[in-house]
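Some notes on the structure that comes next.
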Amino acid sequence: MPQVESATASEAPPPQDAWLVELGSRLPQWESLRDSSKVIIPISISRVNQFDAARLDVEMSAMLKEQLVKVFSLMKPGLLFQYEPELDAFLEFLIWRFSIWADKPTPGNALMNLRYRDERAAPITGKEVRTGLEGPGLSVSQKIFYCISFVGGQYVWSRLQSFSAFRRWGDSEQRPLARRAWALMRNAEVFYRAVSFFNLLLFLYGGRYKTVVERILKARLVYGSPNMNRAVSFEYMNRQLVWNEFSEMLLLLLPLLNSSSVKKFLLPFSKDKSGGSSGDEADCPICRSSPSIPFIALPCQHRYCYYCLRTRCSATTSYRCTRCDGAVVAIQRLGSG
């Protein structure tokens, strides 16, 4: 018993502010557990979805253009060709007006469950952040600049290219100002392609801002609904592959088939076995028309066109009559015997 008392007496008591030091060290952890809204929720948007949405928008514009061209199909040929840039700009403007300007996703973005978000005003932490996809849409200035860059920029560049090609600015015989403008256009195109390629590398790495304009505007594509999965149906692709393979097989086999052999094979199954087919005896059984130069097959003496009968007899050494399936030994002009 004395040994226990000595051991207890040797231990020094803790300082009076020890609980304050421990509380200060544990307080940040308790605050983080209590206020979980300060935690930044990382989000990752599928790059394939963003590329597919852009491709679907291009296909939608092409479909609208095809339907619009059919409306003017009965007018003067080539009428819309000289106004093709204006037509493309008009269709792109319609898509922008009824999608982005109206705070709605484009057709491709809607199919891929995507929408544009203003990354500058998107909340990072807070009680309103639950999935990381919250945030307002594009502002009015962003929408207008988007229209000017995508719709107006593509139209102006297309018209400038066609005008410079028509005026032949790149020829050496042109004035120095025209050649200088042509060189400036080429340099601008190379610079834009280089910037687009660098932006593509950044997009593949981080998954943000598919185009240069989106990066400038800070317009990021995010999921419209966090609970919607990406569902891809391959039914149409399967039907297309089957039809392509079937058409290629027909193109391969049809030239190998002999029409006379097929007719000979189907002759026993026809209703009119004596005549081969329901037609007038005075008509050629091959072209189904009145013979311009009538000839008869011997010995059955059925009437044919000269060209039809001659080509069939020249194609095979044992041609048989189409009407009676008898062997044709010779041909003779009608009325010459």
Side-chain angles (χ1 to χ4, degrees), residues 43-73 80 83-119 121-122 131-158 196 199-200 203-204 207-241 243:
I43 58 173
S44 178
I45 310 301
S46 174
R47 298 162 180 81
V48 178
N49 279 25
Q50 300 182 54
F51 279 123
D52 289 346
R55 184 61 184 174
L56 289 172
D57 287 336
V58 174
E59 295 294 335
M60 178 63 67
S61 179
M63 291 174 59
L64 293 176
K65 181 179 179 180
E66 181 181 359
Q67 297 299 324
L68 189 59
V69 169
K70 287 182 179 180
V71 176
F72 299 93
S73 60
L80 294 180
Y83 301 108
E84 187 174 1
E86 285 78 8
L87 179 61
D88 295 336
F90 175 70
L91 295 177
E92 293 292 339
F93 177 79
L94 286 181
I95 295 177
W96 171 84
R97 171 60 183 83
F98 293 102
S99 59
I100 295 178
W101 179 255
D103 290 326
K104 295 180 181 179
T106 61
N109 292 340
L111 292 174
M112 293 292 107
N113 185 30
L114 296 173
R115 70 176 182 90
Y116 276 113
R117 182 181 74 176
D118 187 2
E119 200 68 8
T131 61
L133 302 176
E134 294 82 4
L138 301 182
S139 62
V140 177
S141 60
Q142 287 176 316
K143 295 175 184 178
I144 295 176
F145 189 82
Y146 185 95
C147 177
I148 294 174
S149 58
F150 273 97
V151 181
Q154 293 179 3
Y155 167 71
V156 171
W157 182 254
S158 177
S196 299
N199 181 79
L200 177 62
F203 171 74
L204 295 177
R208 297 187 179 189
Y209 312 121
K210 182 179 75 281
T211 62
V212 178
V213 177
E214 292 177 359
R215 187 172 296 276
I216 296 175
L217 296 177
K218 296 297 180 182
R220 185 183 181 186
L221 284 173
V222 296
Y223 290 122
S225 173
N227 300 322
M228 182 176 178
N229 297 325
R230 179 175 181 265
V232 180
S233 177
F234 296 96
E235 182 179 358
Y236 172 76
M237 186 180 298
N238 293 335
R239 291 200 304 264
Q240 191 72 14
L241 291 175
W243 174 250

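Phe203 has its side chain out of reach of Arg208: every pair of non-hydrogen atoms, C-beta onward, lies at least 4.5 Å apart. In this structure, the side chains of Tyr116 and Val222 stay at 4.5 Å or more apart for every pair of heavy atoms. Residues Val69 and Leu87 have side chains in contact (heavy-atom distance under 4.5 Å, counting atoms from C-beta outward). Annotation: side chain of Ile100 is in contact with side chain of Leu138 (closest heavy-atom distance under 4.5 Å).
Between the side chains of Asn199 and Ser196, no donor-acceptor pair is found at a separation under 3.5 Å. No side-chain donor from either of Asn113 and Ser225 sits under 3.5 Å from a side-chain acceptor of the other.
With sequence neighbours left out, Ile95 forms a side-chain contact (heavy atoms from CB on, under 4.5 Å) with Ser61, Leu64, Ser99, Pro107. Qualifying side-chain contact (heavy atoms from CB on, under 4.5 Å) partners for Ala62, counting only residues two or more places apart in sequence or in other chains: none. In this structure Ser158 satisfies the side-chain contact (heavy atoms from CB on, under 4.5 Å) test together with Pro85, sequence neighbours excluded. Taking the salt bridge (charged side-chain N to carboxylate O under 4.0 Å, His left out) definition, one finds that Arg97 meets it with nothing, sequence neighbours left out. Partners of Phe150 under the ring pair (Phe, Tyr, Trp, His ring centres under 6.0 Å) rule, at least two apart in sequence or in another chain, are Tyr146. Taking the salt bridge (charged side-chain N to carboxylate O under 4.0 Å, His left out) definition, one finds that Glu92 meets it with nothing, sequence neighbours left out. Taking Tyr209 as the reference, nothing meets the ring pair (Phe, Tyr, Trp, His ring centres under 6.0 Å) condition, with sequence neighbours excluded. Residues passing the salt bridge (charged side-chain N to carboxylate O under 4.0 Å, His left out) test with Asp88 are Lys65, sequence neighbours excluded.
Distance check: Phe93 CZ to Trp101 CH2 gives 9.5 Å after rounding to the nearest 0.5 Å. For the atom pair CZ of Arg55 and CE of Met60, the computed distance is 13.0 Å after rounding to the nearest 0.5 Å. Atom CZ of Arg117 and atom CD of Glu134 lie 8.0 Å apart (nearest 0.5 Å). Between atom CG of residue Leu217 and atom OG of residue Ser141 there is a gap of 8.0 Å, rounded to the nearest 0.5 Å. One distance of note links CG of Leu94 with CG of Leu68; it measures 9.5 Å at 0.5 Å rounding.
Screening residues 212-227 for salt bridge (Lys or Arg N to Asp or Glu O under 4.0 Å) gives Glu119-Arg220, Lys210-Glu214 as the qualifying pairs, with residues at least two apart or on separate chains. The salt bridge (Lys or Arg N to Asp or Glu O under 4.0 Å) contacts involving residues 147-156 comprise nothing, where partners must be two or more places apart or lie in separate chains. Screening residues 141-154 for salt bridge (Lys or Arg N to Asp or Glu O under 4.0 Å), with sequence neighbours left out, gives Asp103-Lys143. Sorted by first and then second residue, the salt bridge (Lys or Arg N to Asp or Glu O under 4.0 Å) pairs with a member in residues 147-156 form an empty list; sequence neighbours excluded.
Shown here is Phe51, whose CZ atom has more than 12 heavy atoms of other residues, nucleotides or ligands within 6.0 Å.
Without hydrogens or angle criteria, Arg47 side chain to Leu204 main chain gives a donor-acceptor distance under 3.5 Å. Of the possible polar contacts, one joining the Tyr223 side chain to the Ser46 backbone as a donor-acceptor pair under 3.5 Å is found. Not one N or O on the side chain of Asp118 forms a donor-acceptor pair closer than 3.5 Å with the backbone of Pro136.
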Problem set entry | Stepwise side-chain contact (heavy atoms from CB on, under 4.5 Å) check, Leu114 with Ile45 | CA-CA 9 Å; Leu114 296 173; Ile45 310 301; 3.8 Å; yes
